[in-house]
Amino acid sequence: MGWSLVVPLKPLVRAKSRLSRAAGEEFRPRLALAFALDTVAGALACADVRDVAVVTDDPLAGERLAALGARIVPDAPANGLNAALAHGAAVVRARRPGAPVAALNADLPALRPAELELVLHSASLFPRAFLADAADIGTTLLTATSGAELDPAFGGASRARHLASGAHEITSPEVPSVRRDVDTGEDLRAALALGVGPYTAHQTRRLPAAAGGRHDQGDQAPPQVTASGA
Ligand SMILES: Nc1nc2c(ncn2[C@@H]2O[C@H](COP(=O)(O)OP(=O)(O)OP(=O)(O)O)[C@@H](O)[C@H]2O)c(=O)[nH]1
Ligand SMILES: C=C(OP(=O)(O)O)C(=O)O
């Protein structure tokens with residue numbers, strides 16, 4: 001099945017605000033962009049992915065993600081995450097009616113194409129399906145096959161909302177890289193332990209060890225890190 005993925009991305013100046021304390025204000029937008037680049041590169045490398053549309057109004061992110069091969073869709077509704085996703089899915093289906101569509105968060109820097117392929121294969125058996133995040137509270141991926149609307153209900157405790165909406169929860173096989181979203185410094189360390197893509201690896205070299213970095217460049221003053229790291 002040739003999936004069209006819809007990836008939402010906030011303007012970098014506001015993205016990943018919960019990483020401020022771990023990364024510092026200078027690195028937070030760079031990390032948010034690196035996560036998105038690794039997520040989209042991983043998605044585009046997945047055999048079952050036909051194309052990726054990124055819904056964003058961020059000019060720098062749009063330029064860098066387009067260079068990877070993503071289509072950039074302006075966040076025309078400007079009404080939050082679910083409106084952006086519904087808009088992205090509608091833009092995809094205006095071009096390709098009945099396309100199987102999947103919403104994928106942009107904060108999955110450890111994403112492995114082979115694991116995404118397993119998830120999409122499971123999802124292809126249901127009208128709507130989703131994958132819970134690593135904490136089992138949120139959602140990292142929501143799918144709709146031909147004939148079904150995406151009906152996204154992301155944000156916070158979205159796993160319960162997606163379950164209640166009738167979407168099938170994908171629980172096997174194990175796909176830790178697709179579930180590993182990064183909201184906090186602790187999440188970033190968990191992603192680094194799984195192995196992140198090249199863009200995030202490059203940026204985290206500049207972070208202090210407590211935030212997951214190897215701190216081996218020495219050309220930047222490290223940002224302040226708190227004991228919690230988050
Ligand atoms: N286009 C678009 N994307 C959004 C919007 N709000 C959130 N997103 C994206 O949706 C995904 C999931 O959101 P979160 O994990 O909460 O990421 P975030 O909003 O950057 O993180 P926090 O600032 O810490 O809440 C991320 O890829 C965000 O960039 C929005 O209003 N428009
Ligand atoms: C967007 C979501 O959550 P968070 O903001 O916690 O990443 C979600 O899991 O639906």
Side-chain angles (χ1 to χ4, degrees), residues 5-25 27-43 52-62 64-66 70-92 102-111 128-143 150-165 167 169-170 178-188 190-191 197 199-200 211 228-230:
L5 264 53
V6 179
V7 176
L9 181 62
K10 260 181 178 173
L12 298 176
V13 70
R14 292 193 284 115
K16 292 291 128 200
S17 57
R18 284 167 281 175
L19 271 176
S20 289
R21 286 171 64 205
E25 273 308 288
F27 284 96
R28 180 190 50 75
R30 293 186 196 183
L31 275 179
L33 175 57
F35 296 168
L37 289 166
D38 282 324
T39 302
V40 169
V52 175
V54 179
V55 184
T56 191
D57 279 341
D58 191 280
L60 171 64
R64 299 285 309 276
L65 290 160
R71 174 179 182 193
I72 306 304
V73 175
D75 189 350
N79 193 25
L81 171 54
N82 291 308
L85 288 171
H87 175 63
V91 167
V92 164
L104 183 72
N105 285 348
D107 60 355
L108 308 172
L111 183 67
R128 288 173 69 247
F130 73 97
L131 186 71
D133 66 8
D136 271 337
I137 294 169
T139 305
T140 58
L141 172 124
L142 173 71
T143 62
L150 192 59
D151 281 339
F154 281 82
S158 59
R159 178 192 179 198
R161 285 198 300 278
H162 286 137
L163 257 183
S165 76
E169 181 171 8
I170 298 166
V178 195
R179 300 183 63 195
R180 183 67 275 170
D181 55 345
V182 175
D183 291 320
T184 65
E186 192 181 327
D187 295 338
L188 179 56
Y199 299 98
T200 305
S228 75

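Order of listing sets the numbers, starting from 1, for every ligand and every atom in it.
- At least one N or O atom of G155 sits closer than 3.5 Å to an N or O atom of ligand 2.
- Between R179 and D136, at least one side-chain N (NZ, or NE/NH1/NH2) sits under 4.0 Å from a carboxylate O, which counts as a salt bridge.
- No side-chain donor-acceptor contact under 3.5 Å links T140 to the backbone of N105.
- Looking at ligand 2, you won't find any N or O of N105 less than 3.5 Å from one of its N or O atoms.
- For atom 10 (O) of ligand 1, the closest heavy atom belonging to the protein is L81 CD1, 3.2 Å.
- Set against the non-hydrogen atoms of F154, the atoms of ligand 2 under 4.0 Å away are 10 (O).
- Among protein heavy atoms, the minimum distance from atom 27 (O) of ligand 1 is reached at P8 O, 2.8 Å.
- Only side-chain heavy atoms of D183 come within less than 4.0 Å of ligand 1; its backbone N, CA, C and O stay farther off.
- Remark: side-chain polar atoms of D57 are paired, donor with acceptor, to backbone N or O of D75 under 3.5 angstrom.
- Near G138, meaning under 4.0 Å from any of its heavy atoms, are these atoms of ligand 2: 9 (O).
- Ligand-side atoms of ligand 1 in range of A84: 1 (N), 2 (C), 32 (N), range being under 4.0 angstrom from any heavy atom.
- Residue A106 has at least one nitrogen or oxygen atom sitting less than 3.5 Å from a nitrogen or oxygen atom of ligand 1, judged on distance alone.
- The shortest heavy-atom contact between T200 and P109 is OG1-CB, 3.4 Å.
- The closest donor-acceptor contact from the side chain of N82 to the backbone of F154 lies under 3.5 Å.
- The residue from D58, L12, N105 that puts a heavy atom closest to atom 11 (C) of ligand 1 is N105.
- Close contacts of ligand 1 with L9, meaning ligand atoms under 4.0 Å from a residue heavy atom, involve 1 (N), 2 (C), 3 (N), 29 (O).
- Across the listed options T184, D107, D133, T139, T139 owns the non-hydrogen atom lying nearest to atom 9 (O) of ligand 2.
- By heavy-atom distance, the residue among A157, G156, S158, A153 lying nearest atom 3 (O) of ligand 2 is G156.
- Of all protein heavy atoms, the one closest to atom 20 (O) of ligand 1 is K16 N, 2.8 Å.
- Between V55 and P74, the shortest heavy-atom distance links the atoms CG1-O, 4.2 Å.
- Given atom 22 (P) of ligand 1, the protein heavy atom at minimum distance is S17 OG, 3.4 Å.
- A distance-only check finds no donor-acceptor pair linking the side chain of R180 to the backbone of A110 [under 3.5 Å].
- At distances below 3.5 Å, at least one donor-acceptor pair connects side-chain atoms of R161 with backbone N or O atoms of G155.
- For D183, every heavy-atom contact with ligand 2 shorter than 4.0 Å involves the side chain, none the backbone.
- Looking at ligand 1, you'll find an N or O of K10 within less than 3.5 Å of one of its N or O atoms.
- Each of the atoms 30 (C), 31 (O) of ligand 1 lies under 4.0 Å from some heavy atom of G80.
- Nearest protein heavy-atom contact of atom 25 (O) of ligand 1 is R18 NH2, 3.0 Å.
- Not one N or O on the side chain of S17 forms a donor-acceptor pair closer than 3.5 Å with the backbone of R14.
- Looking at R18 against ligand 2, only its side chain comes within 4.0 Å, counting heavy atoms.
- Taking both residues in full, the closest heavy atoms of L65 and A36 are given as CD2-O, 3.7 Å, listed atom of the first, atom of the second, then distance.
- When only non-hydrogen protein atoms are considered, atom 32 (N) of ligand 1 lies nearest to D75 OD2, 2.9 Å.
- D187 places no side-chain N or O within 3.5 Å of a backbone atom of A191 that could act as its donor or acceptor partner.
- Contact atoms of ligand 1 toward A15: 20 (O) (distance under 4.0 Å to a heavy atom of the residue).
- In the vicinity of D107, heavy-atom distances shorter than 4.0 Å reach the ligand 1 atoms 15 (O).
- The main-chain N or O of D107 is never found under 3.5 Å from a side-chain atom of K16 such that the two would form a donor-acceptor pair.
- When atom types are taken as modelled, the side chain of D181 and the backbone of D133 share no donor-acceptor pair closer than 3.5 angstrom.
- Atom 1 (N) of ligand 1 has V55 O, 2.9 Å as its closest protein atom, hydrogens excluded (heavy atom only).
- A donor-acceptor pair is defined here as one N or O able to donate and one able to accept, closer than 3.5 Å; such a pair exists between the side chain of R28 and the backbone of V13.
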